[in-house]
Structures are given as structure tokens and as C-alpha cells.
**Student:** 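One structure follows; several queries about it will come next.
This structure is a prediction, so every number in the text was calculated from the model and none was measured. In each ligand, atom 1 is the first atom listed, and ligand 1 is the first ligand listed.
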Amino acid sequence: MSSPSPLDIALHDRFGLTAFREGQREAAGAVLAGRDLIAVMPTGAGKSLCFQLPALLVPGTMIVISPLIALMKDQVDRLRARGVRAAAIHSGLDPDERRDAALQLQRGELDLLYVAPERLASQRFRQMLEETRPSRLVVDEAHCISQWGHDFRPDYRRLAGLRAQLNIPAAAFTATATPEVRRDIAQQLGLTDPLELVTGFERPNLTLAVELCRGRADKERALRQLIGDLGTPGIVYAATRKHVEHWVGVLRSLGVKAGGYHAGLADAERRRVQEDFQSGRLDVIAATNAFGMGIDKSDIRFVAHADLPGSVESYYQEAGRAGRDGLPARCTLLFSGADLRTQEFFLAGGNPEPATFRRVWRMLGDGASDEEVEDRIGPDAMARAAARTAARVLRRAAEHRGVALGEGEPPVDLTARQSKQQRDRERLDTMVRYAYGRGCRTRFIYDYFAGGARGGHAPHCGTCDVCLGWRRGTGRPITDDEYERVRIALSAVGRLSGRFGLERVAQVLVGSQSREVIDRGLDRIPTYGKLSGATLDQIRDLLNLLADAGLIERHGIEGGRPGAFVLALSDAGRAVAMGKERPELPFPDAAPAPAPRKRGKSGAMLAGAADPGLVERLRSWRAEEAQRRRVPAYVIFHDSTLAALAEHRPQSRAALLAVRGLGPAKLEAYGDALLELLAT
Ligand code: ADP
Ligand code: ZN
């Protein structure tokens with residue numbers, strides 16, 4: 001082995017840590033070497049270390065731009081406790097403290113200086129930074145620089161100028177950046193051949209899952225189950241204050257000590273709730289996305305999303321708060337198609353049309369208050385929300401540019417606003433695709449964030465609900481009658497391919513006389529009314545089942561409503577429609593056994609298995625495998641799966657696949673080893 005590098009030594013001696021986490025060595029190495037860097041690591045993965053370590057080794061002061069003033073003090077205190085010379089400059093300090101920090105900087109007494117972006121507005125401050133010749137520019141939460149990101153901060157725009165002015169190597173860190181946002185960051189900061197690193201998205205102790213629910217009662221059932229399985233502490237995210245309050249009520253009725261957290265609460269109340277959760281006086285927090293920034297609780301066992309988040313970025317950031325301690329935790333999205341309406345409301349309310357901007361601009365010019373603006377807009381809630389947004393944006397823009405309200409054209413870039421709306425839509429669409437997805441969830445997340453950058457890799461994770469084979473049974477052979485119905489439904493989809501959504505296809509199949517059907521002449525297609533013996537609801541279920549089974553694809557509609565889909569046949573679906581294939585499907589009357597959600601109570605479920613010796617062999621094999629892969633044993637196989645293996649002793653790969661909890665990914669990973677074990 002080679003001798004330890006200066007980074008290794010600093011890691012041990014200054015930070016008292018034994019090993020780098022994934023990606024940290026490479027990131028810190030790039031900063032040390034003065035190579036530009038974009039590192040994408042999820043919250044909690046350990047980004048700070050990647051610049052704090054090299055800051056000890058590189059002569060001069062490293063400037064760290066961070067928007068989170070609340071966290072700066074914490075970071076600086078911790079660094080100082082380790083003997084690192086660190087300080088911060090932001091608006092939360094009094095002038096004396098700021099002056100002290102500036103003096104230290106000028107005297108060359110700092111390894112690290114944290115700076116809030118709003119400081120950069122001052123030309124004098126930038127001048128001072130330049131004169132002290134800092135060593136590196138580090139940009140934390142770097143996605144804030146990009147209008148393409150979900151958290152754009154105008155102050156961050158000044159970084160482009162700062163970077164050019166300082167002309168020193170720069171490193172950008174973020175927890176959430178799609179390839180597109182990464183490109184934007186690199187361009188804005190003028191990075192030269194940056195090392196792009198995307199790591200830490202594999203969280204093997206997290207089970208990502210989606211529960212397709214029908215309405216609230218179903219979600220409540222799923223949440224009850226989740227708490228029963230995983231215990232607490234946990235977080236339930238909801239989209240609105242009202243929903244938060246609803247979930248607090250539900251949780252309390254389950255006997256859970258629950259608190260609510262949203263932006264409508266007074267600061268003191270929010271702090272109290274957060275502290276009570278932190279200290280264990282509350283078991284579960286129901287919260288809007290206002291909750292979570294800076295929370296430091298490692299033993300969160302589940303994060304449930306009771307409403308659909310607006311983007312995969314937000315989703316994964318929130319979900320990732322579970323299981324920081326490395327113990328099994330679950331992130332479940334409770335999804336029902338109706339949730340899209342809420343998101344649509346947010347989308348429209350947050351993105352006023354150009355005409356709304358103009359109209360509100362004129363009203364503001366007449367001296368209208370925000371309430372008056374809303375009143376003049378009328379009763380429609382969505383329009384009122386949009387007007388409210390427009391008023392807020394316009395007031396801010398007017399102040400910023402020093403123009404009088406209502407004078408001339410609205411002082412906002414309407415084209416840029418339109419493309420923001422477009423991107424918000426696309427982000428939501430992606431989230432919906434995640435919700436309906438049938439592939440490995442970890443893979444989905446990973447592809448979304450990494451998209452070709454260097455870093456770890458996530459083949460099938462083996463730990464999400466899909467890989468674990470939880471979603472619906474694996475199906476069963478279908479009856480002739482069922483086959484017939486399936487083919488009829490698929491033919492209708494094929495005939496209307498890519499033009500209509502589920503609702504319309506269902507109407508055609510049931511033989512609806514509704515306008516939408518008749519006016520378009522859909523009553524003339526051959527499958528019209530062919531399933532008239534069924535109810536609309538049953539046909540919707542059938543279509544959804546076929547989509548979930550991969551026979552029907554859901555395609556987003558360009559420029560259409562977010563989450564609105566048109567249906568089309570997949571290749572597999574076409575083969576079935578033409579009668580070339582006969583699929584196995586999880587029809588409900590097959591009464592599939594419930595998903596293996598219970599964590600085995602060490603052996604209890606194995607008690608009745610045929611051959612105790614075999615069970616033991618399987619268990620010890622699993623223990624070894626778990627150790628080798630550094631995951632909890634249940635991630636390899638649940639007890640119930642081991643029990644089923646011992647009982648049925650499958651002798652072929654196909655037979656293995658019939659065992660619940662053993663999907664294609666598991667077969668790939670463990671099939672050979674299992675067949676060998678089972679043959680003995
Ligand atoms: P991020 O900024 O990515 O959200 P932090 O830098 O705050 O994460 O790190 C999260 C936690 O992980 C901190 O408590 C930190 O001390 C710890 N940590 C970081 N790197 C390591 C490591 N190599 N070994 C052990 N703990 C680490
Ligand atoms: Zn998976």
C-alpha cells in the first residue's frame with residue numbers, strides 16, 4: 001500500500017475520521033490540486049469535508065459562499081473547535097464582528113471564510129476579497145446560481161463576476177443538480193474543464209417505495225402500515241398547511257405524538273416543534289417543504305410524502321433525510337392521481353401568464369393593495385394565486401430596479417418566466433414518471449442526477465420496492481376470459497395510440513355516449529363498447545393494471561397539463577394485442593398474498609420451514625452476503641423469502657423467480673449462489 005497522502009493525514013489528525021466516504025477523496029483531491037470541480041452529493045453525504053480538508057493544506061484563505069446563514073455559525077464553531085481558523089461574514093453579525101472577520105482575512109489569519117451571497121453586492125467587499133488573494137472559491141448550494149434549478153437566488157448571479165475578478169480555481173457543491181443545471185453552473189462560474197463528480201446517491205439502507213393510493217383513506221392506511229413496520233421517528237411531508245393539519249390529526253388519532261410544521265406558524269412555534277422532534281418529545285412531524293433545512297436527526301426511520309412533490313430534486317432531498325444513521329429506513333411516496341390537481345394549482349399559481357403580469361402591473365400602478373388586486377381578479381382560486389404571485393414578483397422587481405409601479409412595461413423578463421414555467425412542468429412530469437415507474441427506483445434517481453457524469457453507479461439497487469418485488473404480485477396465468485378482455489383493451493389503446501388519455505379510452509371501451517366520444521367519432525372504432533359489461537371504474541383499473549404491467553405506456557403531452565398522459569402500446573403490449581403472447585397478470589381475484597412488508601421477527605417466520613438445516617445455511621449465507629455488501633441482511637432477502645426458499649426448494653432460475661421477494665435483479669445477483677445452496 002502506498003503511504004498515506006496529506007489528505008489522509010489531515011482526515012485522521014485534524015478531523016479524527018478514519019476513512020473517506022464515497023467521492024470525498026476525489027473531490028478534496030481536485031480542490032487541493034486546484035482543478036475546477038462540480039460535485040453533486042446528496043445532503044448529509046459529507047460535502048463540507050471536501051473543501052475543509054484541503055483548506056488546511058492550501059496556503060491562503062478559501063472563500064466559501066453559502067446561502068444558509070443559520071448553518072454558517074454552526075460550521076464555523078465546529079471548525080474552530082478543531083483548531084481550524086475559520087470565520088464568517090454575513091448580515092446576521094453585528095458590524096464589530098464583521099470587521100473582526102475582515103481584519104483576520106486581511107492579516108492572512110484564516111483558512112476558511114464563509115460569506116453570504118448578499119455581501120457580494122458591495123463593490124468594496126469584492127475589492128477587499130480580491131486584494132487578500134484568496135486561494136480557492138467554493139460555492140455551496142451551487143444550484144442556486146441557475147435559473148434552471150429549483151431554488152434560484154438572484155444574489156448568486158454575482159458569483160460569475162466574482163469568479164472572473166478573483167481568477168482562482170473554483171469548486172461548486174450541490175445536493176441537487178441535473179445535468180442541465182450542472183452545465184449552467186459550469187458556464188456561469190466560468191469553470192475550465194471541471195471534474196464532474198456525482199456520488200453518494202446510493203443509500204443502501206433506504207428503501208424507496210411508491211404506494212399507489214386511491215384517495216385519503218388509502219393513504220391513511222398506508223401510513224399506518226408504514227409506522228407499524230418501521231416505527232418512529234418519521235416525517236410526513238404534505239403540500240399545504242391544511243394537509244399538514246389533516247395529517248397531524250390522523251397521526252394523533254393513531255396515538256402517535258405528532259406535531260405540525262409549516263410557514264404559517266410563528267417562528268417561536270416552529271422552533272419549538274423542531275426542538276421537540278429533535279429531542280424525541282415528538283415522534284412524527286407532519287410538515288410542508290419548509291421543514292428540514294438544517295435538521296440534524298440521524299435516526300429518522302421513514303419519510304412519507306402524502307402529496308406529490310413538484311420535482312425529483314425536492315423529493316430526493318426530503319426523502320434523503322431518512323436513515324442518516326445507516327440503519328434501515330423507508331422513503332414512501334403515497335401517490336394518487338388526484339394529487340396532480342394540487343400540483344397543477346401550484347404550477348399555475350406560481351407562474352402567472354404574461355397577460356396577468358401586465359394586468360396586475362397596471363393595478364399596482366393605480367395603487368391597489370395585494371388584497372385589492374386579488375379581489376379585482378375575481379373568485380377563481382388559481383387566478384387569484386397567480387395574481388398574488390405576480391404582485392409579489394412585480395413589487396420586488398420594481399424596487400430592485402427603482403421604477404415606479406405601473407410605469408411602462410412590467411419590469412420582469414416575461415420570456416424567461418415562460419421558460420421557467422415550461423421547466424417546472426417538465427420537472428413535475430418527471431416526478432410523475434417516478435411515481436408511475438416500474439423500474440428500479442434508485443436507478444431512476446441516479447440516472448436523473450448523474451446522467452453521464454463520473455461517480456458511483458447504481459445498477460439494480462436490490463432495496464427499492466420494485467427490486468424487492470413488493471409491488472403487486474408477480475402475476476398469475478390468466479383465464480381465457482381475462483385474456484380476451486386484455487386484448488380488447490389493448491386493441492383500443494393501439495387504435496387510439498398516442499392521442500388519448502386513460503379516461504377517453506375507458507369511455508370508448510364502455511361504449512359511452514358522451515360528447516367527447518361521439519364528436520370525435522370514437523364510437524366508430526371496432527372496440528367501441530366491447531367492454532360494456534364492465535363499469536368505467538373496472539375498465540380504468542384494467543388499463544392501469546396493464547400500464548403497471550408494462551403493456552401500456554403513459555406518455556406525457558408536450559405543452560399539456562402536467563401529469564396528463566396519453567396511452568400507447570408498448571412492444572410487449574402489441575404482442576399481446578395481436579395474440580402472440582399471453583401474459584401473466586396480477587388480477588385481483590387471484591388474491592395475491594400481501595406484500596412482505598413485515599420485518600421478520602428473527603426467525604419467527606422461519607419456524608415452520610421444512611428443513612431447519614437448510615434454513616440455517618440460507619441464513620448464514622445471507623449474513624455473509626450482507627457483510628460483504630455492507631447492507632443490512634433484510635436488504636438481501638427478507639426472512640419470509642428465505643422461508644419460502646426453504647419450503648419450496650426451487651431448482652431452476654425460473655422456479656426461483658416464482659418466489660415472492662425474488663425479482664429479476666435478485667435472480668441476477670444471487671441466483672447461482674442460491675441454486676447451489678438449494679441443491680445440497
Ligand atoms: P452535507 O454538506 O453533504 O450535507 P456535511 O458535510 O454536513 O454534509 O456532513 C454530514 C455529516 O457527515 C457531518 O456530521 C460530518 O461530520 C459527517 N462526515 C462527513 N464525512 C465523513 C467521513 N468521511 N466519515 C465520517 N463522518 C463524516
Ligand atoms: Zn431498486
**Student:** Atoms of ligand 1 less than 4.0 Å from Q24 heavy atoms?
**Tutor:**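 Taking each heavy atom of Q24 in turn, ligand 1 has 19 (C), 20 (N), 21 (C), 22 (C), 23 (N) under 4.0 Å.
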**Student:** Less than 4.5 Å apart, any side-chain heavy atom of F449 and any of E313?
**Tutor:**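 Yes. Closest side-chain heavy atoms under 4.5 Å.
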**Student:** What protein heavy atom sits nearest atom 1 (P) of ligand 1, and how far off is it?
**Tutor:**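 Result for atom 1 (P) of ligand 1: G44 N, 3.4 Å.
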**Student:** Tell me: protein heavy atom nearest atom 5 (P) of ligand 1, and distance?
**Tutor:**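 Nearest protein contact, heavy atoms only, for atom 5 (P) of ligand 1 is S48 OG, 3.5 Å.
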**Student:** Tell me which protein heavy atom sits closest to atom 13 (C) of ligand 1, plus the residue, atom name and distance to 0.1 Å.
**Tutor:**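 Sorting protein heavy atoms by distance from atom 13 (C) of ligand 1 puts R78 NH1, 4.8 Å first.
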**Student:** Report the C-alpha distance between R136 and D36 in whole Å, list the side-chain angles of each, state the deciding distance to 0.1 Å, and finish with yes or no for salt bridge (Lys or Arg N to Asp or Glu O under 4.0 Å).
**Tutor:** CA-CA 9 Å; R136 304 278 187 274; D36 286 349; over 6 Å; no
**Student:** Pick one of side chain, backbone, both or neither for how A19 approaches ligand 1, counting any non-hydrogen atom pair under 4.0 Å.
**Tutor:**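 The part of A19 near ligand 1 is the backbone, not the side chain.
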**Student:** Any protein heavy atom sitting closer than 4.0 Å to atom 7 (O) of ligand 1?
**Tutor:**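 There is a protein heavy atom less than 4.0 Å from atom 7 (O) of ligand 1.
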**Student:** Return the residue, atom name and 0.1 Å-rounded distance of the protein heavy atom closest to atom 17 (C) of ligand 1.
**Tutor:**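 The closest one turns out to be R21 NH2, 3.6 Å.
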**Student:** Among all protein heavy atoms, pick out the one at the shortest distance from atom 25 (C) of ligand 1; state its residue, atom name and that distance to 0.1 Å.
**Tutor:**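 Looking at atom 25 (C) of ligand 1, the protein heavy atom closest to it is L17 CD2, 3.5 Å.
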**Student:** Tell me: protein heavy atom nearest atom 9 (O) of ligand 1, and distance?
**Tutor:**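 The protein heavy atom lying closest is G46 CA, 3.5 Å.
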**Student:** Is there a protein heavy atom at a distance of less than 4.0 Å from atom 21 (C) of ligand 1?
**Tutor:**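 Answer yes: something from the protein, a heavy atom, is under 4.0 Å.
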**Student:** Before moving on, can you tell me the angle at the Zn ion (ligand 2) between the SG atom of C440 and the SG atom of C464, to the nearest 10 degrees?
**Tutor:**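 If I round to 10°, I get 120°.
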**Student:** Indicate yes or no: does K47 engage D140 in a salt bridge with an N to O separation below 4.0 Å.
**Tutor:**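 Looking at D140 together with K47, the answer is no, because their closest N to O distance does not fall below 4.0 Å.
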**Student:** Between Y156 and Q188, do the side chains contain an N or O donor and an N or O acceptor separated by less than 3.5 Å?
**Tutor:**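 Q188 and Y156 do not have a side-chain donor-acceptor pair below 3.5 Å.
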